[in-house]
Amino acid sequence: MFYIYPDLLWSNPLYLSKRMFRSTFLRYKDNFKGQVLDIGCGLKPFREFLNRCRYIGLDCIVENSPDIVATLLKLPFRSMSFDAVICSEVLEHTP
């Protein structure tokens with residue numbers, strides 16, 4: 001359960017928001033079905049929780065070993081290609 005945000009400590013200034021996000025994701029993870037795109041996947045912390053889905057991780061950082069290397073501003077997919085999209089901790093990096 002604690003693999004999402006393993007650094008979640010009281011001393012972290014984002015503790016409350018990350019804790020709320022983690023608990024909400026874990027509560028609703030079984031509702032994800034079909035193809036799921038994780039934009040800004042980083043080290044893919046959601047992959048193990050979505051093993052019933054076809055999970056595709058997208059990131060612009062090659063060292064993270066994403067399934068697809070791209071940016072949020074130039075997605076290499078047609079509209080309506082996914083049943084669900086995860087986009088956490090990305091928008092603050094987007095112009």
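The chain is numbered in sequence order, starting from 1. Remember, it's a predicted structure, so these values are computed and weren't measured experimentally.
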>> Same cluster or not: Phe77 versus Leu50, using hydrophobic residues (I, L, V, M, F, W, Y) connected whenever any side-chain heavy atoms lie under 4.5 Å apart?
In response: no

> For Met80, which fellow cluster members are found when Ile, Leu, Val, Met, Phe, Trp and Tyr are connected by side-chain heavy-atom distances below 4.5 angstrom, either directly or through intermediates?
Replying inline: none

> Any link between Phe49 and Ile86 through a network of hydrophobic side chains (Ile, Leu, Val, Met, Phe, Trp, Tyr) touching at under 4.5 Å?
Replying inline: yes

> Could you state the interatomic distance from CG (Leu26) to CZ (Phe46), rounded to the nearest 0.5 Å?
Replying inline: 9.0 Å

> Hey, are the side chains of Asp67 and Cys41 touching, using non-hydrogen atoms and a 4.5 Å cut-off?
Replying inline: no

> For Pro76 and Ile68, which heavy atoms make the closest approach, and how far apart are they?
Replying inline: CG-CG2, 3.9 Å

> Charged N to carboxylate O below 4.0 Å: is that the case for Asp59 and Lys44?
Replying inline: no

> Among the clusters formed by ILVMFWY side chains lying less than 4.5 Å apart, do Leu58 and Val85 turn up in the same one?
Replying inline: yes

> When rounded to the nearest 0.5 angstrom, what is the spacing between SG in Cys53 and NZ in Lys33?
Replying inline: 7.5 Å

>> Within this structure, what is the CG-OG distance for the pair Asp38 and Ser88, rounded to the nearest 0.5 Å?
In response: 6.5 Å

> Rounded to the nearest 0.5 Å, how far apart are SG of Cys60 and NZ of Lys74?
Replying inline: 13.5 Å

>> Please tell me whether Phe32 and Phe82 are part of a single hydrophobic cluster in this structure, the criterion being side-chain heavy atoms less than 4.5 Å apart.
In response: no

>> If hydrophobic clusters are built by linking Ile, Leu, Val, Met, Phe, Trp and Tyr wherever their side-chain heavy atoms come under 4.5 Å apart, do Tyr55 and Phe25 end up in the same one?
In response: yes

> Do Leu75 and Ile39 come close enough that some side-chain heavy atom pair is under 4.5 Å?
Replying inline: yes

